[in-house]
Amino acid sequence: MAALPNIELRIVPDHRGWHPGPEGAFTLIEAARPASGRRADEKTASIAFVGTRRSVLLLHEDEDVVAYKRAIDRVLAVSLKPDSSASFIADAKNRMERTA
């Protein structure tokens, strides 16, 4: 999957400290807004889609969206780069195959 152009696989090693990843999955959707009907400072429309066990949240208020953008930034800051993540997985696979 990591070889696909629309997939970026990143591993967060245990020793990297706290990050918001374990709080639960979410998707940040950003789409270009058409020029008509937007404020001069608006270039994109953003929605944080948060799935919980029993419901779905669609958050569109700026304060909410910014919180999820910060969460992404934090996870990216503590995660391995894509190439290092792929190597990490390959190494783990090789170790498991040797012990099996």
Side-chain angles (χ1 to χ4, degrees):
M1 294 300 293
L4 295 173
N6 62 328
I7 303 290
E8 184 172 297
L9 176 68
R10 291 189 174 235
I11 299 292
V12 179
D14 289 338
H15 67 278
R16 295 288 179 107
W18 181 89
H19 60 86
E23 291 178 356
F26 66 90
T27 302
L28 184 64
I29 302 167
E30 296 185 290
R33 283 188 190 256
S36 62
R38 74 173 185 214
R39 296 186 321 250
D41 63 338
E42 285 183 313
K43 300 282 189 244
T44 61
S46 299
I47 296 173
F49 177 87
V50 184
T52 65
R53 183 176 302 172
R54 298 194 57 154
S55 65
V56 175
L57 301 171
L58 294 173
L59 305 171
H60 60 88
E61 297 292 332
D62 290 343
E63 183 178 338
D64 296 321
V65 170
V66 166
Y68 281 93
K69 286 181 179 182
R70 286 184 182 141
I72 290 170
D73 291 343
R74 177 67 182 145
V75 170
L76 290 175
V78 299
S79 67
L80 299 175
K81 301 291 185 227
D83 290 345
S84 297
S85 294
S87 294
F88 182 93
I89 292 170
D91 291 345
K93 175 185 169 277
N94 290 336
R95 282 193 309 275
M96 286 190 264
E97 289 175 346
R98 284 193 301 267
T99 60

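Counting only residues at least two apart or on different chains, no ring-ring contact (aromatic ring centres under 6.0 Å, His included) pair has a member in residues 70-100. The salt bridge (Lys or Arg N to Asp or Glu O under 4.0 Å) contacts involving residues 49-60 comprise nothing, where partners must be two or more places apart or lie in separate chains. The side-chain hydrogen bond (donor to acceptor under 3.5 Å, both in side chains) pairs that include a residue from residues 86-100 are K93-E97, where partners are two or more places apart or lie in different chains.
Partners of T27 according to the side chain to side chain donor-acceptor pair (under 3.5 Å) rule, which considers only residues two or more places apart in sequence or in another chain, do not exist here. Listed by chain and residue number, K69 satisfy the salt bridge (Lys or Arg N to Asp or Glu O under 4.0 Å) test with E30 (two or more places apart in sequence, or in another chain). Every residue meeting the side-chain contact (heavy atoms from CB on, under 4.5 Å) condition with E23, not counting sequence neighbours, appears here in chain and number order: W18, P20. Residues forming a ring pair (Phe, Tyr, Trp, His ring centres under 6.0 Å) with F26 (at least two apart in sequence, or on another chain): Y68.
Dense packing is recorded around CG of N6, with more than 12 heavy atoms of other residues, nucleotides or ligands lying under 6.0 Å away. In this structure, R16 places its CZ atom where more than 12 heavy-atom neighbours from other residues, nucleotides or ligands lie under 6.0 Å away.
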Which side-chain N or O atoms in residues 78-86 pair as donor and acceptor under 3.5 Å with protein atoms at least two apart or in another chain?
{"unit_1": "S79", "atom_1": "OG", "unit_2": "R10", "atom_2": "NH1", "d": "3.3"}
{"unit_1": "S79", "atom_1": "OG", "unit_2": "V75", "atom_2": "O", "d": "3.2"}
{"unit_1": "S79", "atom_1": "OG", "unit_2": "L76", "atom_2": "O", "d": "3.2"}
{"unit_1": "S85", "atom_1": "OG", "unit_2": "I11", "atom_2": "N", "d": "2.8"}
{"unit_1": "S85", "atom_1": "OG", "unit_2": "L80", "atom_2": "O", "d": "3.3"}
{"unit_1": "S85", "atom_1": "OG", "unit_2": "K81", "atom_2": "O", "d": "3.1"}

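Closest approach of V65 and L59 over heavy atoms only: CG2-O, 3.7 Å.
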Could you walk me through whether L57 and D64 pass side chain to side chain contact (heavy atoms under 4.5 Å, CB included), step by step? CA-CA 11 Å; L57 301 171; D64 296 321; over 6 Å; no
